[in-house]
Undergrad: 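One structure, as structure tokens, below. Some questions next.
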Protein chains: 2
Amino acid sequence: MQTERQKEIISVALNLISEKGIQGLTIKNLSKEIGISEPAIYRHFESKIDILIAILEFFKKNTELIFKAELSNEANAIKKLEHLFLNHFATFSITPSMVSVIFSEEIFRNEPLLIEKISEVIATNDKILTSIILAGQNNSEIRSDIEAKNLSIIVMGSLRLFVKKWQFSNYSYNLLEEGTKFFDTVRLIIKK
Amino acid sequence: MQTERQKEIISVALNLISEKGIQGLTIKNLSKEIGISEPAIYRHFESKIDILIAILEFFKKNTELIFKAELSNEANAIKKLEHLFLNHFATFSITPSMVSVIFSEEIFRNEPLLIEKISEVIATNDKILTSIILAGQNNSEIRSDIEAKNLSIIVMGSLRLFVKKWQFSNYSYNLLEEGTKFFDTVRLIIKK
DNA sequence: TGTAAGTTAGTTAATAATAACTAACTTTGA
DNA sequence: TCAAAGTTAGTTATTATTAACTAACTTACA
């Protein structure tokens with residue numbers, strides 16, 4: 001389990017990445033933001049890499065929770081996808097700094113250990129999304145003239161860019177509200 | 001105009017970013033790769049920021065060329081979009097390091113000057129893409145039940161994720177070939 | 001036309017700033 | 001009272017950049 005301080009460090013680290021990019025995440029900035037000295041950080045994490053790993057672990061748990069919840073859901077495929085979208089929008093609305101992590105492939109580029117963890121998360125989510133779409137196709141809810149694999153790219157790509165635009169606008173509008181409307185267009189595109 | 005050496009520096013810088021991310025772009029790495037001393041870099045660029053600006057300028061010219069060429073094209077809207085896709089795929093096939101720059105929002109995060117330049121490029125491209133789609137809608141080539149703005153997000157988001165996946169696979173397949181097939185699915189989705 | 005002056009593109013050595021991290025000491029609270 | 005969590009004052013490595021200098025050219029003009 002994590003201590004309160006560890007959770008605080010991860011939260012502040014996420015904010016730093018979100019605001020200034022990965023180059024903004026330094027032990028100095030971290031300690032300044034929290035209000036303790038630099039060495040005090042090392043009382044809670046062995047190294048900076050350990051902090052990054054903890055961030056990815058947090059992200060992994062979070063998205064896997066969202067994705068896997070849909071698998072065991074009784075709803076139809078499109079409802080599942082809608083849930084998936086809206087759950088993401090809700091998460092990002094509460095913790096905008098998480099948006100940076102969804103694009104973390106560009107951020108965590110040094111340590112092989114980090115790259116491996118990211119790849120895992122992406123592969124898992126991709127598999128779940130594709131399997132939901134496939135089920136919807138077998139079900140005649142979702143159009144079958146396009147391979148599930150490709151539909152998955154279109155759906156996920158749209159989600160990503162939509163969120164990215166929100167981030168780029170400086171979170172200037174209500175993501176959950178606008179995202180709900182946007183999913184209506186995604187639905188039109190994938191439905192049978 | 002740029003000298004041969006300046007072009008070389010930009011090219012090597014792109015490769016460094018592509019291989020190691022923005023953290024891999026240091027004057028030391030740059031000079032080592034080229035085979036000159038670190039201070040020699042400063043005979044060709046005033047500062048590191050100037051190198052980054054030159055990269056973005058290069059990227060801007062490149063994409064604006066691709067996008068604006070389509071505007072003055074006589075083809076119908078969907079053919080224009082196909083051109084747009086395939087031209088991008090061709091560019092990335094020849095210069096895979098350019099893929100990193102398409103996601104440069106995550107990379108160039110420090111200097112306000114860089115952020116401004118990126119925002120410009122994105123805004124311009126977005127406008128052109130949306131206007132092509134709008135023309136296609138007025139033309140009854142492209143479905144009109146979805147706003148051009150939203151179709152633009154779906155089309156661009158799909159393109160981005162498709163390219164990202166190719167990068168993530170370590171450029172292990174032929175982007176132009178697979179991309180041509182992928183555009184067939186995009187066509188199915190947007191056509192009337 | 002040949003030389004003086006200027007330019008280009010490089011060198012080595014040194015700079016200040018910042019990075020992650022550590023050793024040794026002090027405070028604090030159950 | 002003792003261990004967890006903090007401090008100060010350092011370390012080493014790396015960053016971008018500058019200073020001082022040089023070899024090899026090109027240009028201008030007496």
Undergrad: Taking only the side-chain heavy atoms of A40(A) (C-beta and beyond), determine which of dG6(D), dG10(C), dA20(C) contains the nearest atom.
TA: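 Of dG6(D), dG10(C), dA20(C), dG6(D) is nearest to the side chain of A40(A).
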Undergrad: Write down the distance between CG (L30(B)) and P (dT14(D)), rounded to a whole number of angstrom.
TA: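 Going from CG in L30(B) over to P in dT14(D) covers 18 Å.
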Undergrad: Just compare dA9(C), dA5(D), dT7(D) and give me whichever is closest to any side-chain atom of H44(A).
TA: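 It is dA5(D).
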Undergrad: Go nucleotide by nucleotide along DNA chain D from the 5' end; which of I36(A) and T26(B) gets its closest nucleotide reached first?
TA: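 With I36(A) and T26(B) compared, the 5'-side residue is I36(A).
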Undergrad: Could you tell me the separation between the CG atom of L159(B) and the CZ atom of F183(B), rounded to the nearest 0.5 Å?
TA: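 Reported value, rounded in 0.5 Å steps: 10.0 Å.
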Undergrad: Without decimals, in angstroms, what is the distance between Q23(A) CD and dA16(D) C1'?
TA: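 Rounding to the nearest Å, CD of Q23(A) and C1' of dA16(D) are 13 Å apart.
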Undergrad: Please check if atom CG in L71(A) has more than 12 non-hydrogen atoms from other residues, nucleotides or ligands closer than 6.0 Å.
TA: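 Yes, the 6.0 Å shell around CG holds more than 12 heavy atoms from other groups.
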Undergrad: Send over the distance from E46(B) CD to dT18(D) C1', rounded to a whole Å.
TA: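 Computing the E46(B):CD to dT18(D):C1' distance gives 13 Å.
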Undergrad: I need the CD-P distance between E4(A) and dG29(C), as an integer number of Å.
TA: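 Rounding to the nearest Å, CD of E4(A) and P of dG29(C) are 17 Å apart.
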Undergrad: Among the nucleotides dA19(C), dG10(C), dA16(D), which one has an atom lying closest to any side-chain atom of E38(B)?
TA: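 Among the listed nucleotides, the one closest to the side chain of E38(B) is dA16(D).
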Undergrad: Calculate the interatomic distance between I27(A) atom CD1 and dA19(C) atom P; express it in whole Å.
TA: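 Atom-to-atom, I27(A) to dA19(C), this comes out as 10 Å.
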Undergrad: Without decimals, in angstroms, what is the distance between R43(B) CZ and dC25(D) P?
TA: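 One finds 17 Å between P of dC25(D) and CZ of R43(B), rounded.
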Undergrad: Has S37(A) got a side-chain N or O lying under 4.0 Å from the OP1 or OP2 atom of dT7(D)?
TA: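 So the side-chain polar atoms of S37(A) do come within 4.0 Å of the phosphate oxygens OP1 or OP2 of dT7(D), strictly under.
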Undergrad: Output yes when a side-chain donor or acceptor of K79(A) lies under 3.5 Å from a complementary backbone atom of N73(A), and no otherwise.
TA: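 Judged by distance alone, no pair lies under 3.5 Å.
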Undergrad: Please check: side-chain N/O of T130(B) versus main-chain N/O of D126(B), any donor-acceptor pairing under 3.5 Å?
TA: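 Yes; judged by distance alone, with no hydrogens or angles, the pair exists.
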Undergrad: Whole Å only: how far is the OH atom of Y42(B) from the P atom of dT11(C)?
TA: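 Value for this atom pair: 14 Å.
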Undergrad: Looking only at the aromatic ring of each residue, does the gap between the centers of F89(A) and F182(A) stay below 6.0 angstrom?
TA: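 No; F89(A) has its ring centre 6.0 Å or more from that of F182(A).
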Undergrad: Please report the distance, rounded to the nearest Å, between NZ in K48(B) and C1' in dT14(D).
TA: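 Going from NZ in K48(B) over to C1' in dT14(D) covers 12 Å.
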Undergrad: Of the nucleotides dT12(C), dC21(C), dT17(D), which has the atom closest to the S47(B) side chain?
TA: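 The listed nucleotide nearest to S47(B)'s side chain is dT17(D).
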